Amino acid sequence: KEYYGLTFLVDFNQINDDSCNCLNAFKEPVIFRCIREQQNFILGLNPSVTTCAGKLKIKVGLLAHADIYASGKFYFFPDIDLSYSLFNDIFVPYAGTNRNIIRNSLYTLSKQNPFIVTNDEYINTNQKLNVYGGILGTWSANLSFNSRVSFSQNENVALFIEDTVFSVQNRFLVTYDKIDIIKADA
């Protein structure tokens with residue numbers, strides 16, 4: 001059997017702020033005009049084909065993303081997922097690879113760290129490679145499991161450093177760097 005899929009993504013975020021707040025060395029609020037407007041727009045398309053041959057399931061697709069604000073670039077990513085059912089879905093080993101553009105905004109970053117300085121520019125994270133593998137399955141009708149290990153190479157990951165200029169060292173600036181991540185979930 002073959003299944004065809006198509007996923008369409010529109011992710012738009014806009015910030016309009018005509019004042020920026022911070023504290024001076026005397027812990028007094030200072031308001032200065034910085035008239036900031038920032039738009040963040042990610043457009044994505046993911047056509048895929050899933051083939052089932054007995055207990056083997058293979059999904060092959062193409063992730064096409066446009067990061068309009070940050071770079072104005074188009075990215076084409078592979079989307080591959082393989083799984084094989086053992087013992088009537090009691091154990092299903094799987095592996096795959098994909099890539100992604102992850103939106104960074106004031107909301108998403110302040111959920112990670114509520115003490116960030118709010119007048120930074122927000123750059124999307126480019127997940128350049130994500131390779132994963134694991135095993136999932138069921139032990140009973142009410143109990144299932146999923147163990148997974150993944151490795152990803154990321155560009156423009158948001159990191160937080162202490163602001164020593166405008167605040168009394170109780171706020172954080174956002175900086176961006178390349179990071180490789182190994183993750184294990186169970």
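Since the structure is predicted, the reported quantities are computational estimates derived from the model, not experimental observations.
- Considering only heavy atoms from C-beta on, Leu129 stays 4.5 Å or farther from Asp180 through its side chain.
- When each of Leu43, Leu63, Asn126 is checked for a side chain to side chain contact (heavy atoms under 4.5 Å, CB included) with Ile101, only Asn126 meets the rule.
- Going from atom CG of Leu136 over to atom OG of Ser144 covers 8.5 Å, rounded to the nearest 0.5 Å.
- When hydrophobic clusters are built by joining Ile, Leu, Val, Met, Phe, Trp and Tyr residues whose side-chain heavy atoms come closer than 4.5 Å, directly or via intermediates, Tyr75 is not grouped with Ile102.
- In this structure, Thr50 and Ile58 have side chains that are not in contact, with every pair of non-hydrogen atoms separated by 4.5 Å or more.
- Around the CZ atom of Phe145, the shell of radius 6.0 Å holds more than 12 heavy atoms that belong to other residues, nucleotides or ligands.
- With values rounded to the nearest 0.5 angstrom, Tyr3 atom OH is found 5.0 Å from Cys52 atom SG.
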Please lay out, stage by stage, how Asp163 and Leu173 fare under the test side chain to side chain contact (heavy atoms under 4.5 Å, CB included).
CA-CA 6 Å; Asp163 177 20; Leu173 296 171; 3.8 Å; yes
May I have the list of side-chain donor-acceptor pairs in residues 83-96 shorter than 3.5 Å, sequence neighbours left out?
from  : atom 1 : to     : atom 2 : distance (Å)
Ser85 : OG     : Asp89  : N      : 3.1
Ser85 : OG     : Asp89  : OD1    : 2.5
Tyr94 : OH     : Asn146 : OD1    : 2.7

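- Asp67 and Asn124 form a side-chain donor-acceptor contact under 3.5 Å, judged by distance and modelled atom types alone.
- A salt bridge links Asp11 with Arg103: the closest approach of a Lys/Arg side-chain nitrogen to an acidic carboxylate oxygen falls below 4.0 angstrom.
- When only modelled atom types and interatomic distance are considered, Asn130 and Thr97 share no side-chain donor-acceptor pair under 3.5 Å.
- There is a path of hydrophobic side-chain contacts, each under 4.5 Å, that joins Leu45 to Ile68.
- Looking at Ser110, its side chain never comes within 3.5 Å of a backbone N or O of Asn113 through a donor-acceptor pair.
- A chain of hydrophobic side-chain contacts below 4.5 Å, direct or via other Ile, Leu, Val, Met, Phe, Trp or Tyr residues, connects Val10 to Leu6.
- For the atom pair Phe172 CZ and Phe115 CZ, the distance stands at 8.0 Å (nearest 0.5 Å).
- Nearest heavy-atom pair across Tyr176 and Tyr122 is OH-CA, 3.3 Å.
- The shortest side-chain heavy-atom distance between Phe77 and Asn46 does not fall under the 4.5 Å cut-off.
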Please report, to 0.1 Å, the donor-acceptor pairs under 3.5 Å made by any side chain of residues 147-161, with sequence neighbours excluded.
from   : atom 1 : to     : atom 2 : distance (Å)
Ser152 : OG     : Asn154 : ND2    : 3.0
Asn154 : ND2    : Ile179 : O      : 3.4

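- Between Phe76 and Phe74, the distance from one ring center to the other does not fall under 6.0 angstrom.
- Each of Asp79, Thr51, Asp81 was checked for a side chain to side chain donor-acceptor pair (under 3.5 Å) with Lys59, and the lone residue meeting it is Asp79.
- Taken from CG in Asn104 to CD1 in Ile123, the straight-line distance is 8.5 Å, to the nearest 0.5 Å.
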